[in-house]
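What's counted below: heavy atoms across the whole structure, side chains too, no hydrogens, waters or symmetry copies. What you see is a predicted model, and the numbers here were worked out from it, not measured in a lab.
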Amino acid sequence: MAKRRRKSKAKQDEELLKSGFALIALIGFFGTYYFTGSLQVSIVITLILFGSAIAVIVVRQLNQIERLKKSGIADIDIMDGRQFEHYLNYLFKSQGYSVKVTRAAGDYGADLVLEKTGRKIVVQAKRYSKNIGIEAVQQVHSSINYYKASEAWVLSNRNYTEPAHNLAKLNGVRLIGRDELINMILAMTPGSTPSPKQVMTEIPSKPIACNRCGEHMLLRKSAKGEFYGCSAYPKCKNMKVI
């Protein structure tokens with residue numbers, strides 16, 4: 001059975017808005033016809049309501065586009081994992097946290113360790129191209145004891161699968177998805193931290209060498225997610241799953 005994916009809050013709000021406008025137009029048509037008895041007047045009123053609804057939806061979509069542009073989320077979507085972790089370092093420091101970015105290998109399930117007012121929080125950072133599954137929840141939860149933390153979070157530029165939400169709730173892990181990440185970015189004082197694009201310039205992607213032929217590995221995408229494939233393909237078919 002296919003896994004259900006939770007819709008983002010923005011998507012849910014948009015669908016609710018459209019349903020609400022459709023209901024208002026329907027009530028407007030029958031209400032006008034009931035009081036006036038005129039089919040022509042009822043159609044005119046309904047068209048006015050539909051026009052108003054379309055105008056509101058267009059304005060909301062333009063505001064959403066501007067909001068996404070200001071957040072720099074499009075740049076975050078093309079960061080590599082190391083760049084994303086360092087960007088989050090700046091983001092959490094702007095919120096008053098003391099931040100430690102753990103080493104790339106042997107991090108015991110936590111990419112960042114935050115401390116503030118006696119709280120220690122382990123964070124698993126997932127810069128990904130699809131919804132995050134239960135593995136991230138399992139990894140960050142397993143790191144709590146090692147780092148002697150009191151809380152565990154997963155933070156991603158995407159959203160989460162239903163099983164991930166269920167497991168996180170059961171284990172007390174906080175899931176921070178795309179919408180909340182954008183809100184956190186927009187809440188920062190403008191200019192207080194480097195933009196995602198600046199971080200990408202500051203920390204360029206580090207080439208990964210193929211362990212078979214020595215050529216560079218390239219980030220590629222498939223139906224199952226992202227992976228690194230050798231640039232010498234098809235001569236070398238080596239790949240590394242992310």
Side-chain angles (χ1 to χ4, degrees), residues 8-10 64 66-129 131-132 135-160 164-165 168 171-208 219 226 242:
S8 68
K9 187 177 184 302
Q64 178 66 3
E66 181 61 24
R67 180 173 177 268
L68 295 177
K69 184 179 178 181
K70 287 175 66 176
S71 71
I73 194 69
D75 292 321
I76 289 174
D77 287 340
I78 59 174
M79 283 180 167
D80 64 22
R82 183 165 163 264
Q83 290 169 336
F84 186 48
E85 290 168 12
H86 282 272
Y87 177 71
L88 294 181
N89 173 39
Y90 290 119
L91 178 63
F92 284 116
K93 281 182 176 178
S94 75
Q95 298 179 2
Y97 288 96
S98 169
V99 185
K100 176 186 176 184
V101 179
T102 62
R103 58 184 181 176
D107 58 20
Y108 297 93
D111 297 310
L112 301 101
V113 181
L114 315 180
E115 290 191 62
K116 185 179 180 180
T117 60
R119 295 163 58 209
K120 182 179 280 191
I121 304 161
V122 283
V123 180
Q124 173 77 215
K126 289 292 184 182
R127 204 293 309 159
Y128 217 43
S129 60
N131 285 356
I132 309 302
E135 294 83 4
V137 179
Q138 294 169 333
Q139 290 167 5
V140 76
H141 186 261
S142 69
S143 72
I144 292 176
N145 288 336
Y146 179 82
Y147 290 101
K148 296 180 174 57
S150 56
E151 297 178 48
W153 299 352
V154 182
L155 191 154
S156 175
N157 64 316
R158 297 296 172 184
N159 296 308
Y160 299 88
H165 277 284
N171 288 284
V173 174
R174 179 184 174 187
L175 301 183
I176 302 174
R178 190 174 183 86
D179 290 337
E180 190 172 353
L181 172 60
I182 290 171
N183 289 336
M184 290 169 65
I185 295 169
L186 294 176
M188 291 191 297
T189 303
S192 62
T193 62
S195 68
K197 188 167 290 186
Q198 289 172 320
V199 172
M200 292 169 70
T201 302
E202 176 186 319
I203 307 173
S205 296
K206 186 177 180 181
I208 299 174
L219 184 64
E226 296 179 331
I242 299 177

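Here the options are Leu88, Val199, Asn157, Ile182, the test is side chain to side chain contact (heavy atoms under 4.5 Å, CB included), and the partner is Ile76; only Asn157 passes.
Annotation: Lys197, atom NZ; neighbour count of heavy atoms from other residues, nucleotides and ligands within 6.0 Å does not exceed 12.
For Asn183, the side chain to side chain contact (heavy atoms under 4.5 Å, CB included) partners are Arg67, not counting sequence neighbours.
In this structure, the side chains of Leu155 and Gln124 stay at 4.5 Å or more apart for every pair of heavy atoms. Between Thr102 and Leu112 there is no side-chain heavy-atom pair separated by less than 4.5 Å. Within the 4.5 Å cutoff, the side chain of Lys148 has no heavy atoms near those of the Asn145 side chain. Within the 4.5 Å cutoff, the side chain of Tyr87 has heavy atoms near those of the Met79 side chain. You'll find the side chain of Asp80 stays beyond 4.5 Å of the side chain of Arg127, heavy atoms only. With contacts defined as side-chain heavy-atom distances shorter than 4.5 Å, the pair Val154/Val123 does not qualify. Between Val122 and Ile144, the closest side-chain pair of non-hydrogen atoms falls below 4.5 Å. Under the 4.5 Å side-chain criterion, counting only non-hydrogen atoms from C-beta, Gln95 is not in contact with Leu114.
With hydrogens and angles ignored, the 3.5 Å screen pairs a side-chain donor or acceptor of Ser150 with a backbone N or O of Lys120. Side-chain atoms of Glu85 do not come within 3.5 Å of backbone N or O of Val101 as any donor-acceptor pair. A distance-only check finds a donor-acceptor pair linking the side chain of Tyr160 to the backbone of Ile176 [under 3.5 Å].
Side-chain contact of Asn131 with Asn159: a donor-acceptor pair under 3.5 Å is absent, judged by distance alone. Side-chain contact of Glu202 with Tyr90: a donor-acceptor pair under 3.5 Å is present, judged by distance alone.
The aromatic rings of Trp153 and Phe92 sit tilted, their planes meeting at an angle between 30° and 60°.
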Glu135 and Lys126: CA distance, side-chain angles, deciding distance, salt bridge (Lys or Arg N to Asp or Glu O under 4.0 Å) verdict: CA-CA 11 Å; Glu135 294 83 4; Lys126 289 292 184 182; over 6 Å; no
Trace of the salt bridge (Lys or Arg N to Asp or Glu O under 4.0 Å) decision for Arg174 with Glu151: CA-CA 8 Å; Arg174 179 184 174 187; Glu151 297 178 48; 6.0 Å; no
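A salt bridge does not link Asp111 to Arg82: none of the charged nitrogens lies less than 4.0 Å from a carboxylate oxygen.
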